[in-house]
Amino acid sequence: QVQLVESGGGLVQAGGSLRLSCGASGRTFSSYAMGWFRQAPGKEREFVAGISRSGGSTYYADSVKGRFTISRDNAKNTVYLQMNSLKPEDTAVYYCAANSWATAQSIIRHVDYWGKGTLVTVSS
C-alpha cells in the first residue's frame with residue numbers, strides 16, 4: 001500500500017509560478033512510476049505529467065509542455081510539479097498518482113494509487 005499526500009497548492013496570479021509536492025509512504029518509492037493529473041470544475045480528470053521510476057524519462061500533456069516540469073527525489077520519497085507561466089485554465093484540483101509499472105507514459109493508462117488532491121487557482 002502507498003499513501004500519497006499532495007501539498008503546495010494555492011492562489012496565484014496569471015503568469016506566476018507554483019511548485020506542488022507529493023510525498024509517498026509505504027512501499028519503496030523508487031518502484032513506482034509517478035504522475036500528476038488535474039480536474040477542473042465540471043470537467044473530467046486529465047493527465048498532466050508522468051515520470052519514470054528512475055526519473056530519467058518524463059512525459060507531458062501538450063497543454064503544459066514547456067511550462068510545467070515534473071521531477072522526483074527518490075531519497076526523499078517525493079515527486080514535484082513545477083508550474084510556470086500559469087494560466088487561468090490551469091485552475092484545477094491536482095492529483096498525484098502512482099503505478100507499479102516503469103515508464104513515464106504508463107501512468108496515463110494505469111494508476112494504482114491516488115492522492116486526495118491539492119487545489120490550484122489561477123486568477124486573471
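Numbers here simply count residues along the sequence, with the first being 1.
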Look at atom OH of Y59 and say whether more than 12 heavy atoms of other residues, nucleotides or ligands are closer to it than 6.0 Å. no
Would a hydrophobic clustering, with Ile, Leu, Val, Met, Phe, Trp and Tyr connected at side-chain separations under 4.5 Å, put W101 with V48? no
Please say yes or no: joined through hydrophobic side-chain contacts below 4.5 Å, possibly via intermediate residues, are Y32 and F47 part of one cluster? no
Please enumerate all residues that pass side chain to side chain donor-acceptor pair (under 3.5 Å) together with Q82, with sequence neighbours excluded. N84
Any donor-acceptor pair under 3.5 Å from N77 side chain to F29 backbone: no
Nearest heavy atoms of T78 and S21, plus distance in Å: CG2-CB, 4.3 Å
Contact between M83 and V12 at the side-chain level, heavy atoms closer than 4.5 Å - yes or no? no
Which atom of S106 lies closest to which atom of T103, heavy atoms considered: OG-O, 2.7 Å
Minimum heavy-atom distance Y94-L81, with the two atoms named: CD2-CD2, 4.1 Å
Hey, is the main chain of S57 close enough, under 3.5 Å, to the side chain of S52 for a donor-acceptor pair? yes
Hey, is K65 close enough to D62 for a salt bridge, meaning N to O under 4.0 Å? yes
Counting only heavy atoms not in K43, do more than 12 fall under 6.0 Å of its NZ? no
Is a donor on one side and an acceptor on the other found under 3.5 Å between the side chain of E6 and the backbone of C96? yes
Determine whether Y80 and L18 fall in the same hydrophobic cluster, where Ile, Leu, Val, Met, Phe, Trp and Tyr are linked whenever their side-chain heavy atoms lie under 4.5 Å apart. no
Using side chain to side chain contact (heavy atoms under 4.5 Å, CB included) as the criterion, list what pairs up with A97, not counting sequence neighbours. F37, I107, V111, W114
Is I108 reachable from Y95 through a run of I, L, V, M, F, W or Y residues, each pair having side-chain heavy atoms under 4.5 Å apart? yes
List the atom of A33, the atom of R53, and the distance in Å for their closest heavy-atom pair. N-CG, 3.9 Å
Please check this pair: side chain of D112 against backbone of S100, looking for a donor-acceptor N/O pair closer than 3.5 Å. yes
For the student: nearest non-hydrogen atoms of S30 and N74, plus distance: CB-ND2, 3.5 Å
R72 (side chain) donor-acceptor with G55 (main chain) under 3.5 angstrom: no
Report whether L4 and V93 are members of the same hydrophobic cluster (ILVMFWY, side-chain heavy atoms less than 4.5 Å apart, transitive linking). no
Can you tell me how far the OG atom of S124 sits from the NZ atom of K87, to the nearest 0.5 Å? 14.0 Å
Starting at CD1 of I51, measure out to CD of Q105 and round the result to the nearest 0.5 Å. 13.5 Å
On a heavy-atom basis, the closest approach of V2 and A24 is CG1-CB, 4.3 Å
Kindly determine whether E46 and R38 satisfy salt bridge (charged side-chain N to carboxylate O under 4.0 Å, His left out), including the steps that lead there. CA-CA 5 Å; E46 64 176 2; R38 67 186 181 186; 2.7 Å; yes
